[in-house]
Structure formats: C-alpha cells, structure tokens
Amino acid sequence: MSGQLNENGPPDLGTFMAEVRPEGAPRLGRVTSWDGELCHLRPPGGGAEWMAAPDALRPPTEKERALIRTLTRPVRRADA
C-alpha cells in the first residue's frame, strides 16, 4: 500500500495513491491500469474507476493510509 512513483512513469499497479485536486480534498484510489498517458484508479472499498495524470498523484499520508485500511478491511459477520 506504499504507493511508489516510478522515476520513468506512473505508480506501480495495485498501489494506493492520492490524486491532488484544486477543488477540494484529494481522491484516494488503487492504481488498476495505465494507458500510456493516464492512470486508472478505483476507490478503496470499490466504486467507479476514474482517470488521473501521473503527475497529479502522490503517495497517501499516514492519515489517508489509515482511512484506506478502514475502507478495505473486510467486515465480519456478527454471528460468526
């Protein structure tokens, strides 16, 4: 979940990144693919995929990592 930026391209597939947006809070997502120009990301816990430029992505902060862990942790059944 560290979200490493490659020196010659986009972040590694499967890592979580934060997309920096001028209009508000960063959007968190797991990198699912890269089409040569844009990274495709999916929110933690699922949802609609979106695209972002690799230079708009940064590794998540510790606070954001804690949120990602919460959103991706499976929920246990009460009767289990």
Side-chain angles (χ1 to χ4, degrees):
M1 183 166 54
S2 64
Q4 297 300 312
L5 291 171
N6 292 326
E7 290 183 25
N8 298 323
D12 294 333
L13 294 178
T15 59
F16 282 97
M17 301 298 289
E19 178 189 15
V20 178
R21 303 181 310 156
E23 66 272 3
R27 231 178 346 180
L28 302 173
R30 181 188 298 260
V31 178
T32 60
S33 64
W34 180 56
D35 67 12
E37 292 184 24
L38 297 172
C39 289
H40 298 246
L41 299 103
R42 185 171 307 279
E49 195 171 88
W50 80 92
M51 295 178 281
D55 61 353
L57 300 175
R58 62 163 174 74
T61 64
E62 285 303 316
K63 186 175 181 179
E64 292 165 340
R65 288 178 205 272
L67 177 58
I68 290 167
R69 282 191 297 274
T70 300
L71 294 172
T72 58
R73 182 171 294 139
V75 177
R76 293 191 177 133
R77 291 177 34 177
D79 61 349

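Quick caveat, the model's predicted, so the values are computed rather than measured.
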* Closest heavy-atom contact between L57 and P11? ->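 Heavy atoms only, the tightest pair is CD1-CG, 3.8 Å.
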
Quick one: pull up [atom1] in [X] and [atom2] in [Y] and give me the separation to the nearest 0.5 Å.
X	Y	atom1	atom2	value
C39	E19	SG	CD	10.0 Å
W50	R27	CH2	CZ	5.0 Å
R42	T32	CZ	OG1	6.0 Å
T72	L28	OG1	CG	11.0 Å
R65	F16	CZ	CZ	11.0 Å

* Under the criterion side chain to side chain contact (heavy atoms under 4.5 Å, CB included), which of M17, M51, R30 is the partner of L41? ->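 Option passing the side chain to side chain contact (heavy atoms under 4.5 Å, CB included) with L41: M17.
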
* To do: Could you list the residues that satisfy side-chain contact (heavy atoms from CB on, under 4.5 Å) with L71, not counting sequence neighbours?
  =>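 So L71 forms a side-chain contact (heavy atoms from CB on, under 4.5 Å) with P44, L67.
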
* To do: Examine distances only and state if a side-chain atom of D12 and a backbone atom of T15 form a donor-acceptor pair shorter than 3.5 Å.
  =>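 Judged by distance alone, no pair lies under 3.5 Å.
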
* Determine, step by step, whether D35 and E37 satisfy the side-chain contact (heavy atoms from CB on, under 4.5 Å) criterion, reporting the C-alpha distance in whole Å, the side-chain angles of both residues, the deciding distance to 0.1 Å, and the verdict. => CA-CA 6 Å; D35 67 12; E37 292 184 24; 4.0 Å; yes

* Asked: Between R69 and E64, is the closest basic N to carboxylate O distance under 4.0 Å?
  ->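 No, no charged N to carboxylate O under 4.0 Å.
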
